[in-house]
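Quick caveat, the model's predicted, so the values are computed rather than measured. Throughout, protein chains are lettered first and strands after them, A, B, ... in sequence-line order, and every chain is numbered starting at 1.
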Amino acid sequence: MFPYPSGKIHMGHVRNYTLGDVVARYKRARGHSVMHPMGWDAFGLPAENAARERGVHPAKWTYENIANMRAELQRMGLSLEWEREFATCQPEYYRHQQKLFLDFLKAGLVERKESWVNWDPVDGTVLANEQVIDGKGWRSGAPVEKKQLSQWFLSITKYAPQLLDALDTLDRWPERVRLMQANWIGRSEGARLTFRLTGGGDGGLDVYTTRPDTLFGMSFLAIAPEHPLAGAVAARDPKAAAFIADCKSRGTSEATIETGEKLGYDTGLRVSHPFIEGASYPVWIANFVLMEYGTGAIFGCPGHDQRDMDFARKYGLNVTPVVLPPGADPATFTLGDDAYVGPGTIFNSGFLNSLDVDAAKRAAIQRLEEQGVGKGVTNWRLRDWGVSRQRYWGCPIPVIHCASCGVVPVPDDQLPVRLPDDVTFDKPGNPLDHHPTWKHVPCPRCGQAATRETDTFDTFVDSSWYFARYCSPTADVPLVKEAVDHWMPVDQYIGGIEHAILHLLYSRFFTRAMKDTGHIAVEEPFAGLFTQGMVNHESYRGADGRWLYPEEIEKRSDGTAVHRETNEPVTVGRVEAMSKSKRNTIDPGAIIARFGADTARWFILSDNPPDRDMEWTESGVAGAYRFTQRIFRLAEALDTVPQEAKPAAFGTAGRALRRATHRCIAAVTEALESFAFNVAVARLYELANAITEAERAAPEPGLVWARREAVEMMARLAAPMMPHLAEDVYARLGAGDGTLAAELPWPEAEPDLLAAESVTIAVQVMGKLRGTVEVPPDAAADLVLAAAEAEPNVAKALEGKRIVKRVHVPNRIVNFVIAG
RNA sequence: GCCCGCCUGGCGGAAUGGUAGACGCAGCGGACUUAAAAUCCGCAGCCGGUAACGGCGUGGGGGUUCAAGUCCCCCGGUGGGCACCA
């Protein structure tokens with residue numbers, strides 16, 4: 001995933017792009033044509049904050065950050081294709097985004113609609129749900145209001161079924177991410193039905209339910225405070241209006257929701273029941289009913305829904321059980337304050353009686369359809385994607401509002417709609433709105449004075465198609481179909497788990513939308529996904545409670561720490577995510593300057609499996625650095641010994657080293673294929689140990705040749721992970737005649753050398769290890785069993801016992817089952 | 001509340017159902033050095049034993065199997081996702 005240009009790279013970037021670079025270099029060596037691009041997710045709020053706080057223009061701030069971070073990434077030795085680089089804030093990029101949006105608009109995939117949003121009255125902008133913390137704006141600290149605004153929406157819900165179903169085809173995605181997306185999309189089966197208002201009420205109230213089997217247990221109907229009917233009631237009932245205002249001021253993430261306090265207001269209206277002739281029920285406005293889900297109205301069945309139960313008990317509404325748990329007696333079954341949500345048999349329910357829950361759902365839906373008051377429907381939790389932001393530093397939404405023509409798309413030949421440079425940030429709100437001239441344009445249709453849309457796109461739009469743009473980064477159309485067909489989908493996408501839903505789901509939607517508007521042929525953007533863990537570090541606190549940077553402290557051998565300058569004791573805190581506030585960050589630039597990029601890459605790969613959180617430790621880095629020095633010494637040691645031709649036969653030490661070398665080739669290859677980089681590292685340590693052993697062995701013909709082979713393979717196998725050192729060692733060996741290790745095909749192990757000269761067989765008696773025997777590979781079972789039985793310690797265990805079964809797994813194990 | 005991971009030495013972790021703890025970090029002992037650093041060699045799960053060896057051991061309990069860290073069931077702990085979603 002491409003980075004946001006915040007200023008400096010952090011360890012998360014180092015981990016992310018090291019992983020990707022290992023894959024790119026390895027795949028290249030395997031003969032694949034690899035595209036490994038880099039770009040910048042360059043629009044966003046921090047640039048505007050910098051403008052407000054420091055008076056620097058967002059563009060200047062952003063481009064300076066990009067230049068700095070590009071240099072840092074280049075120092076890491078990433079094999080990136082910089083020819084394809086772009087930043088999403090460049091008009092050359094965002095003009096194509098505007099074109100895609102207009103095509104989506106034409107195709108009916110864009111809607112402008114009123115919606116309830118989080119509104120920060122101080123900053124004067126809409127906030128995303130993530131930007132609302134405890135009901136307050138994350139920057140201003142002002143209580144967030146719910147406000148109805150006209151916003152642009154991308155119709156992601158139209159793709160809900162496909163986005164859900166296609167998850168099954170993403171077999172190289174982590175199961176956990178697919179589950180999270182499935183939950184987010186949230187398919188549910190139920191019924192939609194209309195309750196008629198009694199007493200001259202016009203029309204009815206639509207309700208969605210997953211429990212039509214419990215309709216006979218109804219005791220009230222509840223609508224969301226934002227429901228149109230609630231508004232109508234409030235217009236003539238001041239108390240209702242006050243109640244609604246109170247609900248709105250509480251916000252969505254207020255404590256009342258967490259504690260589950262249910263609040264309601266009886267409107268005085270009543271609805272009739274679709275199945276029970278003559279019955280009627282009160283209509284309440286309730287704070288726990290969400291306008292955004294279903295129809296914004298529910299029927300309350302307290303017996304079998306806990307929220308309805310809480311509400312009914314609080315306001316003294318009827319509770320009628322209609323599902324009888326297995327084994328319960330219908331004559332005596334009652335409910336306390338806990339709703340019964342388990343399986344059972346329907347009772348108290350007219351024509352549904354004696355059916356089980358599932359059968360009753362089907363029967364109820366069938367009856368609703370026959371009566372023409374409802375039907376079975378599938379409902380989705382996923383909502384359309386609101387992309388309007390009242391922000392300057394984003395891609396302008398390319399439409400014009402005209403008093404007579406309405407919303408008019410900006411004609412293609414007038415794209416891009418460029419952001420003006422001359423803006424000021426002295427007032428809160430959107431600078432585009434305050435700009436004296438920018439928004440005033442003639443209507444492209446009628447020519448009369450009109451105004452531009454001043455909202456810009458959510459930055460998630462920018463990142464929803466950049467990967468496809470890499471295929472033809474300079475084309476004058478958004479996407480060149482042939483290029484996209486050739487490269488896409490992305491074979492290996494790597495990023496943090498925090499993107500599991502938003503970015504990855506938006507991109508999946510966008511890719512489908514681009515297909516349906518004829519831009520590309522693929523429908524899934526990422527065939528393989530890998531989610532890396534975070535990079536954590538210990539945190540430190542001085543005696544005065546202030547957080548201390550790692551370089552300010554000194555670790556003692558007993559695990560305690562003191563302040564480097566004052567010698568005062570330091571509290572060693574938890575290992576947690578690196579953050580500026582805890583001061584437990586490590587600057588990759590400093591690490592690279594001190595130890596080199598290879599050490600940083602090697603340590604980050606060696607510490608643990610890459611999908612888990614890792615701990616950055618000073619001793620771990622030192623260990624990685626030591627190993628780079630050791631490899632160099634192993635190569636250097638060959639400078640002073642004469643070269644040898646490959647002999648026809650090797651001695652004992654030479655054979656042992658060659659087997660170690662070729663087993664290492666096979667093992668590292670397998671480890672890299674399965675993203676087990678920490679295991680690949682361990683195998684290379686083993687090879688280094690084997691080379692050291694060979695250095696110490698008595699000289700024999702061919703041993704130097706075997707050492708050269710081992711060191712060369714060491715360099716080539718380590719090359720994807722430590723590219724600089726690998727080239728240095730490879731050049732020093734003089735093997736390549738000026739070619740780079742990176743240009744060589746991936747080494748192949750010689751099959752003969754993978755087989756051991758003898759194998760150690762574990763010998764068990766009743767599943768307990770009693771000894772081992774050395775036998776030739778693939779030795780006959782009777783020979784192995786005889787040797788096993790003769791092994792002294794095994795013989796002792798077998799003494800006086802009768803062997804009832806002899807298990808022999810070739811080249812692995814023998815197990816004697818005994819009796820008596 | 002619902003859904004999903006994870007649990008192995010002091011630490012990170014390894015282990016196609018087949019010798020649990022590879023490899024590294026930290027630690028201990030030794031060599032080299034006047035000394036230190038660096039480097040090299042060696043030890044190292046726990047308990048008992050000089051040792052040979054024996055017993056125990058992958059969160060706890062049960063099961064399948066000749067054989068379980070690995071497969072199945074129950075429980076516990078822990079981390080994460082979603083959450084008045086009707």
Side-chain angles (χ1 to χ4, degrees), chain A residues 174-184 186 188 190-191 207-211 214 222 252 256-262 286-290 292-301 304-308 310-311 341 379-383 497-498 500-501 555 557 559 575 603 606-609 611-615 617-624 626-627 629-630 633 667 670-671 676 678-689 692 695-696 760-772 792-793 796-797 804-818:
Chain A
E175 178 63 23
R176 161 168 90 123
V177 174
R178 289 190 285 166
L179 263 162
M180 282 162 70
Q181 291 212 354
N183 289 341
W184 188 265
S188 86
V207 157
Y208 172 74
T209 179
T210 57
R211 295 299 302 271
T214 63
T252 42
T256 47
I257 285 172
E258 272 146 44
T259 59
E261 194 195 344
K262 308 279 182 291
N287 67 337
F288 68 95
V289 180
L290 304 176
E292 300 88 355
Y293 187 78
T295 62
I298 61 156
F299 87 84
C301 174
H304 307 287
D305 182 288
Q306 192 57 50
R307 293 154 304 176
D308 297 349
D310 296 345
F311 193 75
V341 295
N379 205 30
W380 305 85
R381 187 186 165 283
L382 185 69
R383 317 218 185 112
I497 187 73
E498 68 273 16
I501 292 168
K555 279 298 240 337
S557 55
V575 173
F603 173 56
S606 67
D607 189 59
N608 68 348
D611 55 338
R612 299 192 202 168
D613 288 354
M614 68 172 286
E615 183 188 355
T617 60
E618 279 55 40
S619 57
V621 185
R626 275 202 300 276
F627 188 64
Q629 304 304 301
R630 188 172 164 210
R633 281 197 306 275
E670 194 190 323
N678 57 323
V679 179
V681 165
R683 298 295 166 247
L684 286 164
Y685 271 104
E686 283 174 349
L687 180 57
N689 292 343
T692 301
E695 281 180 346
R696 292 206 314 272
T760 308
I761 304 285
V763 184
Q764 297 179 338
V765 177
M766 294 298 281
K768 277 189 192 300
L769 184 71
R770 293 301 170 191
T772 60
N793 208 43
K796 204 173 92 189
V804 294
K805 188 170 180 181
R806 294 174 170 81
V807 179
H808 171 238
V809 181
N811 299 327
R812 288 201 180 271
I813 207 163
V814 165
N815 189 15
F816 295 110
V817 184
I818 55 174

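Among the heavy atoms of the strands lying under 4.0 Å from A/Gln764 is at least one base atom, whether or not backbone atoms are also near. Nucleic acid contact for A/Asn678: sugar-phosphate only, since backbone atoms but no base atoms lie under 4.0 Å from a heavy atom of the residue. A/Thr210 comes within contact range of the sugar-phosphate backbone alone, with a heavy-atom separation under 4.0 Å but no base atom that close. Within 4.0 Å of A/Thr760, counting heavy atoms only, lies at least one base atom of the nucleic acid. No contact: A/Asn379 has no heavy atom under 4.0 Å from any strand. Using a 4.0 Å heavy-atom criterion, one finds that A/Val809 contacts the bases of the nucleic acid, with or without backbone contacts as well. As judged by a 4.0 angstrom heavy-atom cut-off over every strand, A/Val804 is placed among residues making no nucleic acid contact. Contact annotation for A/Leu290: base contact, defined as any heavy-atom pair under 4.0 Å involving a base atom.
Of the P atoms belonging to B/rC6 and B/rU16, the separation is 15 Å, rounded to the nearest Å. A gap of 15 Å separates the C1' atoms of B/rG42 and B/rC32, to the nearest Å. Taking atom C1' in both B/rC3 and B/rG61, one finds a spacing of 26 Å when rounded to whole Å. With both ends at atom P, the span from B/rG21 to B/rA44 equals 12 Å, rounded to whole Å.
For A/Arg307, a side-chain nitrogen or oxygen approaches OP1 or OP2 of B/rC85 to under 4.0 Å. Dashed line: the shortest gap from a side-chain N or O of A/Arg626 to OP1 or OP2 of B/rC25 is under 4.0 Å.
Counting non-hydrogen atoms of other residues, nucleotides and ligands closer than 6.0 Å to CD of A/Glu670 gives a total of 12 or fewer.
Heavy-atom distances to RNA chain B give each of A/Asn608 and A/Tyr208 a nearest nucleotide, and the one nearer the 5′ end belongs to A/Asn608. Comparing A/Val289 and A/Trp184 against RNA chain B, the residue whose closest nucleotide sits nearer the 5' end is A/Trp184.
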Under a 4.0 Å heavy-atom criterion, the protein footprint on nucleotides 42-57 of chain B, written with B, S and -, is -----------SSSS-

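Partners of A/Gln764 according to the side chain to side chain donor-acceptor pair (under 3.5 Å) rule, which considers only residues two or more places apart in sequence or in another chain, do not exist here.
Base orientation of B/rG9: syn, since the glycosidic angle falls within 90° of 0.
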